[in-house]
Amino acid sequence: MKRREFFKSSIVASAAILGATSLSAGETHQPVDNRKISDMAFPEKRPLITYSDRPPLLESPRETFTRGITENDEFFVRWHLPDIPTHIDTDSYKIKINGLVEKELNITLKELKNDFEQVEVVAVLQCGGNSRSAFTPIPGGIQWGSGAMGCAKWKGVRLRDILNKAGLKKGAHWLGFNGLEKAAYYKTPNFVRELELDEIDDHVILAYQMNGEDLPYLNGFPLRLVIPGYYSDSWVKMLSNITVTDKYKSLFFMDKAYRVPDNKCECETPEHLFKTTKPITQVNVKSVIGYPENDMQVYHNSQIVVRGVAFDDGTGIKKVMVSTDSGKTWNEALLKQDNGRYAYTEFRYSFKPTKYGKLTFMAKAINNLDREQPFAKDIGWNRGGYKYNGIDEVTVDVI
C-alpha cells in the first residue's frame, strides 16, 4: 500500500456501549473482555477490535499478549484528533526544534538517520486509559478492555543528542511536543504535551522504526516520541515540533486530560471529586494473561500452560504469581526476560485441572520494589478511568 493512498477509504465503526450494571458507584471490576474483532482491517493492520475510524481507535485482542514483542499489524492504535494527514512526503518532512535554543533546527529524516548515533530500545507502550471499562460508573473516554498496550523494538535518535546539537539557552526547563494531527473544529485545542528537561534520559528517543520496519502510519509515521516507562499520552505521534521554554505552558491536554487525584490512592468518588490532580506519568506494575482466553473449553486432566506478559515503569519484574483458587494461594510462574527492563516480561505457568466445571486463573505481577498488582475490587475509582492495574482473571470451562 502506498502511503499517499492511506485512508482514502475506511470502515464505519460504532462506539461500544456498556450495558447497565448492578455494581454500585465508585467500584472497579474486571475490564470488559467480550468485544468482537472487526470483520475489516485498517491499512497495515489485521482486523482488530474497533471503536472508531475517525480518529482511528483500535484495540489488540487478548491472544496478542502471549508474546514478548507485539507485531506491528496487531499493535493497538490511539489518536486524539480526527484530522490526520493521509500522505506525508518523507523527502520534505522535517522536525523543527525551536524556542530557547542557540540554533533553530529543521532536521530531515535523512539527516536523523545519517548525522546522529542510531539507538534501539524495547519498550511497552500503554494508553493511560487501558482497561477503563473496569471502572463503574463509566468514566468518559474510550471503554478499552485490556488491549490498549503493546511492546515493540523502537529505533531512532536520542532526544538528548538533538537538543545538544541545538544548544540549550540559560533558563531552558520545559519541552513542548506537537504532532501533525489536527482538530476538526477550530476551537478544539491541539494535542500538545510537555515534559521537564530532567525527565529526559538516554532511553528517550525520536523513533522512525518499529520492529525493524518504518513506523506503521497509524502508529505515528514517520516519527514519534518514545518515552520508556511512561504512559502513551506523552509519546507524541507524527512529531512535527519540539519547543524549548523556560516556563510551563497551560494546555488542555496537560491541565485537564490525563490526570488523577493528587492523593496516595489516586482515587476519589463520583460524588466527591478530589480537588487537586496530577498528571499521569510512570506506568504502574501490571500483567495480562494471553492464554487461555475467557470461556475457552479445556480438557479435564490435560496440561494447560497459562501464558502472558508483565511490565512496569522499568523498575523490573521480579515475579509473576498465578492462582487457581480465587487468590487464596499463589504459585510462581516461569519468566522470560530477554529485552530489557522496559519490555514485556513473558510468563508461563503449567497446570492440570482435576475438577470439572468453571476454573479461574489469576495473574499477579510483583516488581523489584515489591510493588504488586492489587485485586480489581481494591483499586480506587477516578474520573478519568486511568492507571487500572488489577489482578487479571480468565475463566475457562473444564470438560
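Only heavy atoms go into these numbers, but all of them, side chains included; no hydrogens, no water, no symmetry mates. Along the sequence shown, the residues carry numbers beginning at 1.
- No side-chain heavy atom of Phe42 sits under 4.5 Å from any side-chain heavy atom of Tyr217.
- Shortest non-hydrogen contact noted between Pro139 and Asn382 is CG-O, 3.9 Å.
- Residues Asn263 and Lys278 approach most closely at O-NZ, 4.1 Å, considering heavy atoms.
- Counting heavy-atom neighbours within 6.0 Å of Arg67 CZ, excluding the residue itself, gives a total above 12.
- Listed here is the closest heavy atom pair of Pro137 and Trp381: O-NE1, 2.9 Å.
- A donor-acceptor pair shorter than 3.5 Å can be found between the side chains of Ser350 and Gln303.
- For the pair Arg193 and Phe177, the cation does not sit on the ring face, since its NZ or CZ is not both under 6.0 Å from the ring centre and inside 45° of the axis.
- In the model, Asn178 has no side-chain atom that pairs as donor or acceptor with a side-chain atom of Lys96 under 3.5 Å.
- For Glu268 and Arg383, the salt-bridge test passes: some basic side-chain N is under 4.0 Å from an acidic carboxylate O.
- One hydrophobic cluster, built from ILVMFWY side chains closer than 4.5 Å, holds both Leu223 and Val204.
- Ala363 approaches Ile289 most closely through the heavy-atom pair CB-CG1, 3.7 Å.
- No more than 12 heavy-atom neighbours from other residues, nucleotides or ligands sit within 6.0 angstrom of NZ on Lys94.
- For the pair Lys237 and Trp79, the distance from NZ or CZ to the six-membered ring centre is under 6.0 Å and the angle to the ring normal is within 45 degrees.
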